[in-house]
**Q** 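Pasting a structure below so you can have a look.
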Amino acid sequence: MKCVLVRYGELFLKSEPVKRHFIGLLLRNIKKALDAAGIPHRFELSRGRMLIFGDDEERIAAVVSRIFGVVDVSIATRTGTDLNTLGSAAAGLATGRLKSGMSFAIRAKRQGVSGYTSQQMGVEIGSAVADAVPGARVDLDNPDYELFVEARETGGFVSDARIPAPGGLPLGTQGRACVLLSSGIDSPVASWLMMKRGAEVTHIHMDGGRWAGPDVKAAAIENHRRLSLWCSGFVLPMLIVNSEPVYDAMEKSKIPPRNRCVICKRFMLMAGSTLVRQQHALALVTGESLGQVASQTLANLAVIDPAADIPVIRPLITYDKQESIDIARRIGTFDAHPGDLACRAVPAMPTTAAEASEIEQFESGIGIKDLVATAVETTGIVRAKDGVIQEP
């Protein structure tokens with residue numbers, strides 16, 4: 001019988017009550033994703049493994065490989081646990097892909113089954129495969145072909161591929177966070193990393209209006225849409241905050257251009273803090289990386305952070321740009337040709353070490369608290385689900 005074998009790793013580090021709760025949420029998330037894809041299925045649970053049965057194992061495996069908390073998945077053949085049955089199943093699978101002259105390895109595991117050791121499993125099953133494919137040779141270090149064989153209380157399982165999944169913790173185990181989502185590369189990666197650690201997210205986009213490039217808002221919404229593919233079955237909300245009046249006020253008051261980026265970031269944290277509380281979230285997340293741009297120097301972050309009255313999390317604070325790009329490519333949020341994403345308010349020479357007292361004086365002069373209140377009161381919303389932007 002074919003099934004999809006789901007492996008989860010970090011959940012084993014939890015206490016028994018927490019582990020049961022986390023596995024329950026993982027089951028919920030997988031079910032919601034499979035239901036959203038319209039794939040009939042049924043579950044069986046065993047210690048350390050989850051079995052999913054259905055008529056389309058390939059589609060089930062593809063969906064489950066994008067679920068946070070899952071380490072990897074395999075399309076496996078379920079058999080009995082005696083060595084002859086396991087060897088026969090392994091040999092039958094190998095004959096379709098292993099050829100004479102190729103090398104192979106048996107990766108054997110045993111749990112809750114007596115009568116033989118894992119090493120004996122490997123030897124006996126390896127002999128069966130070698131007999132079925134004359135000319136094939138064993139290479140445990142760098143094989144051309146691998147077979148994964150498990151003997152467990154619930155049966156034997158034979159597969160020859162492990163599809164990697166994101167790992168981490170099941171979505172929903174760590175509460176909700178709000179993520180400042182831009183049109184760029186870093187903040188979508190920060191959002192994905194928070195989801196990987198079990199946090200449900202609400203995105204917040206600061207819409208600069210005429211101070212932003214014409215493609216900025218659309219690119220941010222596209223980032224939002226793509227990230228919704230990683231929480232299949234759930235509605236992913238994004239709040240749109242009109243920040244254009246802040247730039248207008250800084251221009252009208254003739255605030256020195258070199259200080260405007262720091263004031264802009266502080267405005268984002270002020271408005272974000274209010275929205276975090278309104279969303280019953282626990283923290284605000286940004287895609288900032290230490291020293292990447294002028295506003296992200298340690299000196300400036302020390303001035304920017306006090307504008308928030310809730311925890312601010314920066315998953316990428318130590319990441320190089322290329323590291324963020326690599327993750328963005330892997331998760332599908334990287335766009336090589338995103339359009340005009342320029343910020344028209346960025347000065348030629350921004351400060352790298354703003355003075356807190358001076359910044360607060362400038363903010364008082366433009367009535368920053370009133371600007372924040374107005375922005376929050378007029379916030380719009382965009383919802384995405386399963387890679388589709390929903391109609392208002």
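Computed over heavy atoms, backbone and side chain alike; hydrogens, waters and symmetry mates excluded. Fair warning: this is a prediction, and the values are worked out from it, not measured in the lab.
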**Q** Taking Tyr319's backbone N and O only, do any of them form a donor-acceptor pair with Ser289's side chain (distance below 3.5 Å, no angle check)?
**A** yes
**Q** Counting heavy atoms not belonging to Arg383, are there more than 12 under 6.0 Å from its CZ?
**A** no
**Q** Test the Lys32-Phe234 pair against the cation-pi criterion, namely NZ or CZ under 6.0 angstrom from the six-membered ring centroid and within 45° of the ring axis.
**A** yes
**Q** Would a 4.5 Å heavy-atom cut-off, applied to side chains only, mark Phe68 and Leu169 as touching?
**A** no
**Q** Calculate, to the nearest 0.5 Å, the distance between atoms OG and CD1 belonging to Ser118 and Ile106 respectively.
**A** 13.0 Å
**Q** Would a 4.5 Å heavy-atom cut-off, applied to side chains only, mark Phe53 and Ile60 as touching?
**A** no
**Q** Are Met195 and Leu316 connected into the same hydrophobic cluster when the rule is that any two of I, L, V, M, F, W, Y join if their side-chain heavy atoms are below 4.5 Å apart?
**A** yes
**Q** Would you check if the side chain of Asn29 reaches a backbone N or O of Leu171 as a donor-acceptor pair within less than 3.5 Å?
**A** yes
**Q** Of all the heavy-atom pairs spanning Phe104 and Gly126, show the shortest one and how long it is.
**A** CZ-O, 3.6 Å
**Q** Would you sort out whether Leu45 and Leu27 count as a side chain to side chain contact (heavy atoms under 4.5 Å, CB included), showing the intermediate values?
**A** CA-CA 10 Å; Leu45 290 180; Leu27 272 170; 3.6 Å; yes
**Q** Determine whether more than 12 heavy atoms belonging to other residues, nucleotides or ligands lie under 6.0 Å from atom CD of Glu153.
**A** no
**Q** Does Arg344 pair with Asp340 as a salt bridge, N-O distance under 4.0 Å?
**A** yes
**Q** Over all heavy atoms of both residues, which pair between Gly155 and Thr81 is shortest? Give the atoms and the distance, please.
**A** C-CG2, 3.5 Å
**Q** Strictly distance-based, threshold 3.5 Å: is any side-chain N or O of Thr79 a donor or acceptor partner for the main-chain N or O of Thr85?
**A** no
**Q** Any side-chain heavy atom of Met268 sitting closer than 4.5 Å to one from Cys264?
**A** yes
**Q** Start with the C-alpha distance between Arg137 and Ser103, add both sets of side-chain angles, then the distance that settles side chain to side chain contact (heavy atoms under 4.5 Å, CB included), and finish with yes or no.
**A** CA-CA 5 Å; Arg137 55 187 175 81; Ser103 61; 3.7 Å; yes
**Q** Is the shortest side-chain heavy-atom distance between Val235 and Gln390 below 4.5 Å?
**A** yes
**Q** Determine yes or no for a side-chain-to-main-chain donor-acceptor pair under 3.5 angstrom, with Asn223 supplying the side chain and Ser182 the backbone.
**A** yes
**Q** Check the surroundings of atom CD in Gln120: do more than 12 heavy atoms from other residues, nucleotides or ligands lie under 6.0 Å from it?
**A** yes
**Q** Side chain to side chain contact (heavy atoms under 4.5 Å, CB included), that's the test. Do Gln278 and Thr379 meet it? Break it down for me.
**A** CA-CA 12 Å; Gln278 289 182 358; Thr379 294; over 6 Å; no
**Q** Can you see which heavy atom on Ile313 is nearest to which on Ala283, and at what distance?
**A** CD1-CB, 3.7 Å
**Q** Is it true that Tyr8 and Leu5 fall in one hydrophobic cluster, defined by side-chain heavy atoms closer than 4.5 Å?
**A** no
**Q** Which pairs with one or both residues in residues 305-326 pass salt bridge (charged side-chain N to carboxylate O under 4.0 Å, His left out), sequence neighbours excluded?
**A** Asp186-Lys321, Arg277-Asp309, Glu288-Arg314, Asp305-Arg314
**Q** Can you tell me if Arg266 uses its side chain to pair, donor with acceptor, with the backbone of Val303 under 3.5 Å?
**A** yes
**Q** So which heavy atom on Pro166 is nearest to which on Ser65, and how close?
**A** CD-O, 3.2 Å
**Q** Counting distance only, does the side-chain N/O of Asp386 pair as donor-acceptor with the main-chain N or O of Gly233 below 3.5 Å?
**A** yes
**Q** Can you hop from Leu229 to Met238 via hydrophobic side chains spaced under 4.5 Å?
**A** no
**Q** Report yes or no: does Ser228 contribute a side-chain atom to a donor-acceptor pair with the main-chain N or O of Gly387 at less than 3.5 Å?
**A** yes
**Q** What pair of heavy atoms forms the shortest contact from Arg78 to Thr154, and how long is it?
**A** NH2-O, 2.9 Å
**Q** For Val123, is there any backbone N or O sitting under 3.5 Å from a side-chain donor or acceptor partner on Ser127?
**A** yes
**Q** Going by heavy atoms in the side chains, are Lys14 and His21 under 4.5 Å from each other?
**A** no
**Q** Distance from Trp230 atom CH2 to Ile67 atom CD1, nearest 0.5 Å?
**A** 9.5 Å
**Q** Under the criterion side-chain contact (heavy atoms from CB on, under 4.5 Å), which of Val179, Val276, Leu275 is the partner of Leu284?
**A** Val276
**Q** Considering all heavy atoms of both residues, which atom of Pro347 and which atom of Pro257 are nearest to each other, and what is their separation?
**A** CG-O, 3.1 Å
**Q** Is there a chain of hydrophobic side chains (I, L, V, M, F, W, Y, each step under 4.5 Å between heavy atoms) that links Met50 to Phe12?
**A** yes
**Q** Between Ser191 (side chain only) and Ser187 (backbone N and O only), is there a donor and an acceptor less than 3.5 Å apart?
**A** no
**Q** So how far is it from Thr286 OG1 to Leu301 CG, rounded to the nearest 0.5 Å?
**A** 8.0 Å
**Q** For residues 99-128, which residue pairs pass the salt bridge (charged side-chain N to carboxylate O under 4.0 Å, His left out) check, not counting sequence neighbours?
**A** Arg107-Glu146
**Q** In the structure I gave you, are the side-chain heavy atoms of Asn300 and Lys265 within less than 4.5 Å of one another anywhere?
**A** no
**Q** Report yes if some heavy atom in the side chain of Thr77 is under 4.5 Å from a heavy atom in the side chain of Leu93; otherwise report no.
**A** no
**Q** Can you find a heavy atom in the side chain of Thr95 that is under 4.5 Å from one in the side chain of Val133?
**A** yes
**Q** To the closest 0.5 Å, what do you measure between CG (Leu181) and OG1 (Thr333)?
**A** 9.5 Å
**Q** If I take atom CD1 from residue Ile52 and atom NZ from residue Lys31, how far apart are they, to the nearest 0.5 angstrom?
**A** 11.0 Å
**Q** Under the side chain to side chain contact (heavy atoms under 4.5 Å, CB included) criterion, do Arg7 and Ser74 qualify, and how do the steps go?
**A** CA-CA 9 Å; Arg7 301 176 183 87; Ser74 296; 2.9 Å; yes
**Q** Say you draw a straight line from CD1 of Ile240 to NE2 of His203; how long is it, rounded to the nearest 0.5 Å?
**A** 11.0 Å
**Q** Are there over 12 heavy-atom neighbours, none belonging to Gln361, within less than 6.0 Å of that residue's CD?
**A** no
**Q** Any link between Val216 and Ile185 through a network of hydrophobic side chains (Ile, Leu, Val, Met, Phe, Trp, Tyr) touching at under 4.5 Å?
**A** no
**Q** Between Glu57 and Val4, is there a donor-acceptor pair closer than 3.5 Å when you use the side chain of the first and the backbone of the second?
**A** no
**Q** Check this for me, if you would: do Glu251 and Arg260 make a salt bridge, where the nitrogen-to-carboxylate-oxygen distance has to be below 4.0 angstrom?
**A** yes
**Q** Check this for me: Lys19, atom NZ, are more than 12 non-hydrogen atoms of other residues, nucleotides or ligands nearer than 6.0 Å?
**A** yes
